[in-house]
Amino acid sequence: MRKRLRANRYAMRKLITWSALEAAPPLVSGLLVAAAIDRGFLAGRPDLGLVWLSALAAVHCLAAVATRRVYPWLAEIVEPLRDYLVTALVTATVRRAVAQLEPLDGASVAQATDQVDSVRNLAASVLRNARQFLTALVAVAGLALLSPLIAAVVAPMVALAVLGFLRVLRTLVARQREVVLTGELVTREAEPVIDAIRDVVACGAQGRAATSVAAAVHQNARAARAYALTRVARVLVLAVGVHLPLLTLLLLSPWLVARGSATAGVVAGAVVYLAHQLDPAMRFLVNAGSTWLVALGVALGRLAEVTRRDPVHPETGGALPVLARDIRVEGLRFAYSPHAAPVVDGVDFTIAHGTHLAVVGPSGVGKSTLADLITGITRPQGGRVLLGGVDIAEVADVVLRREIALIPQEAYVFAGTVRDNLTVLNPDATREEMELAAHAVGATALIDRLGGWDAEIRPGADALSAGERQLIALTRVWLSPARVVVLDEATCHLDPEAEARAEAAFQRRGGTLIVLAHRISSAMRAQRIMVMDGETAVVGTHEELLETSTLYADLVGYWRGATVPAPRNESSTPDGTAAGAVRP
Ligand SMILES: Nc1ncnc2c1ncn2[C@@H]1O[C@H](COP(=O)(O)OP(=O)(O)OP(=O)(O)O)[C@@H](O)[C@H]1O
């Protein structure tokens with residue numbers, strides 16, 4: 001802002017000049033009143049008294065002319081400032097969206113441009129009333145010209161009040177900032193809950209959602225209370241800077257007049273300076289000034305933060321690469337508690353974009369945990385997961401959810417129509433796309449049985465079987481824009497034939513497919529297989545792993561005990577096994 005004001009130096013100079021002229025009456029008002037009383041009315045020359053008062057009126061007229069000239073220059077300064085801030089804000093937001101680090105959020109941009117308008121109005125108010133600062137100084141200077149003795153008594157009190165005000169101002173800024181930040185926190189916590197209210201109710205997570213929003217609301221309330229308490233300190237500033245000097249003057253005036261240190265006119269002039277000049281100036285400073293200055297400081301600070309954030313990612317030079325979204329896992333480490341043994345400890349591997357990978361390993365070895373880490377649902381305590389070269393910890397959640405979809409073992413559906421359930425990850429999906437998705441994963445018969453796209457799904461576990469819920473979830477994700485799909489035993493309630501059809505559908509769909517396999521047929525359909533043994537993760541083809549991994553050979557032996565494996569990529573061949581987790 002300072003740079004913008006400096007760029008408009010000519011308008012600033014004009015504004016200062018006219019504001020200074022506007023502030024002229026305070027300097028002479030007390031002197032003119034004192035002269036009118038002492039040299040006019042009390043000296044038996046009322047005509048002269050009226051001349052002095054006419055001079056005072058003329059000075060005020062001059063100030064009025066100056067006031068009229070102030071406004072055009074004010075507009076000359078604040079309107080370009082507003083344009084500059086809006087441009088900077090929208091540019092930064094669009095660049096971040098183009099870089100895909102954040103979604104293009106129209107509501108946030110609108111909210112931020114509202115803030116810009118507040119900044120424009122606040123800046124105009126502060127600049128417009130900056131003369132009040134001058135008025136306070138000029139009133140004390142005028143008082144010094146009128147009576148150095150009274151000025152010497154009053155000035156320390158005013159100085160003390162101003163210093164106290166500046167001290168309070170700093171605390172006010174900090175506390176107001178806290179109010180703004182906690183207000184934003186409330187929006188951040190409440191927005192996703194409101195957006196996903198149907199899911200929240202479906203999962204019975206109302207209590208948890210309410211707790212997280214309530215915590216933010218309480219934080220905001222605490223910050224607002226602290227801010228209000230600090231504002232009370234302003235009363236003290238006014239008492240010391242305005243009321244105490246006036247009271248002191250009134251108490252001292254009989255003594256000053258009696259010993260000849262001041263005349264009645266001088267006392268009246270001093271009252272004019274204190275009551276009519278200093279009082280409104282200090283009130284402005286302390287009341288409006290503190291509110292405007294604090295709000296301006298905080299709003300500008302926030303806008304600077306919003307526009308300063310660098311939208312260019314250092315590793316990608318801008319956007320996430322659109323095609324090469326390899327997943328790279330580096331030194332990943334995760335434990336469920338600080339004292340528990342890590343479930344994933346220093347794992348490294350790369351999954352090339354477009355790979356169909358099966359993950360196998362004994363039950364409890366950490367397959368689901370790894371899936372949660374890869375999808376960013378769980379944050380690691382060490383190492384990182386890169387998607388297309390970008391650490392997913394740096395990618396906005398909403399972008400990550402669009403890029404990566406995970407279907408857990410216990411798929412969920414929510415109360416609403418079939419269409420609502422299928423299009424939640426792709427609200428723009430057409431009827432044809434839904435039909436394609438349902439046909440691909442084998443959900444057409446289920447949807448027909450339910451009554452079509454507009455059929456209502458009742459809430460409650462009895463509405464659909466676990467396998468049917470999985471079919472709905474599979475169709476939903478097939479229809480989504482996600483380029484990485486993770487199936488965490490997401491087909492375990494389907495019969496082998498249906499499972500094969502669903503997996504084949506995801507293979508044909510393109511992108512990266514990671515299947516946490518619970519049947520050998522699942523593993524054998526994949527291009528690559530990762531075997532987790534609790535310490536390492538070995539990746540290879542079925543044939544390679546049979547030769548190099550004892551654990552994999554054991555697992556295959558266990559599976560083969562009850563199954564005839566399906567040949568790779570022949571998705572329609574059933575394997576005849578019962579559903580269940582991988583067991584050693
Ligand atoms: N929320 C949790 N809190 C504490 N420990 C957990 C939690 N979730 C999983 N674990 C533990 O972490 C380990 C790995 O669990 P995980 O579910 O990732 O294994 P898995 O290989 O997917 O098992 P399965 O094949 O049986 O699903 C297990 O010992 C499990 O008990």
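As the structure lists them, so they are numbered: ligands from 1, and atoms in each ligand from 1.
If you check the side chains of Arg528 and Thr355, you find no donor sitting under 3.5 Å from an acceptor. For the 3.5 Å distance criterion, the side chains of Thr417 and Asp420 qualify, holding a donor opposite an acceptor.
The neighbour count for Arg379 CZ, taken as heavy atoms of other residues, nucleotides or ligands under 6.0 Å away, is above 12.
Checked against a 3.5 angstrom limit, the closest N/O atoms of Gly364 and ligand 1 fall inside it.
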Would you tabulate the side-chain donor-acceptor contacts of residues 433-447 under 3.5 Å, counting partners in other chains and residues two or more places apart, or write 'none'?
| unit_1 | atom_1 | unit_2 | atom_2 | d |
| --- | --- | --- | --- | --- |
| Glu433 | OE1 | Thr430 | N | 2.8 |
| Glu433 | OE1 | Thr430 | OG1 | 3.4 |
| Glu435 | OE2 | Arg431 | NE | 3.1 |
| Thr444 | OG1 | His439 | N | 3.4 |

Side-chain donor-acceptor contacts of residues 473-481 below 3.5 Å, not counting sequence neighbours, with atom names and distances?
| unit_1 | atom_1 | unit_2 | atom_2 | d |
| --- | --- | --- | --- | --- |
| Thr475 | OG1 | Leu471 | O | 2.7 |
| Arg476 | NE | Asn421 | O | 2.7 |
| Arg476 | NH1 | Tyr412 | O | 3.3 |
| Arg476 | NH2 | Tyr412 | O | 3.1 |
| Arg476 | NH2 | Asn421 | OD1 | 3.2 |
| Trp478 | NE1 | Ala505 | O | 3.0 |
| Ser480 | OG | Val477 | O | 2.7 |
| Ser480 | OG | Ala482 | N | 3.2 |

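Contact atoms of ligand 1 toward Lys367: 18 (O), 19 (O), 20 (P), 21 (O), 22 (O), 25 (O) (distance under 4.0 Å to a heavy atom of the residue). Residue-ligand proximity, Thr369 to ligand 1, at heavy-atom distances under 4.0 Å covers atoms 14 (C), 15 (O), 16 (P), 18 (O).
Residue contacts with ligand 1 include Gly366, since one of its heavy atoms falls under 4.0 Å from the ligand.
By heavy-atom distance, the residue among Ala517, Ser368, Pro362 lying nearest atom 22 (O) of ligand 1 is Ser368.
Under 4.0 angstrom from ligand 1, the non-hydrogen atoms of Glu489 all belong to its side chain.
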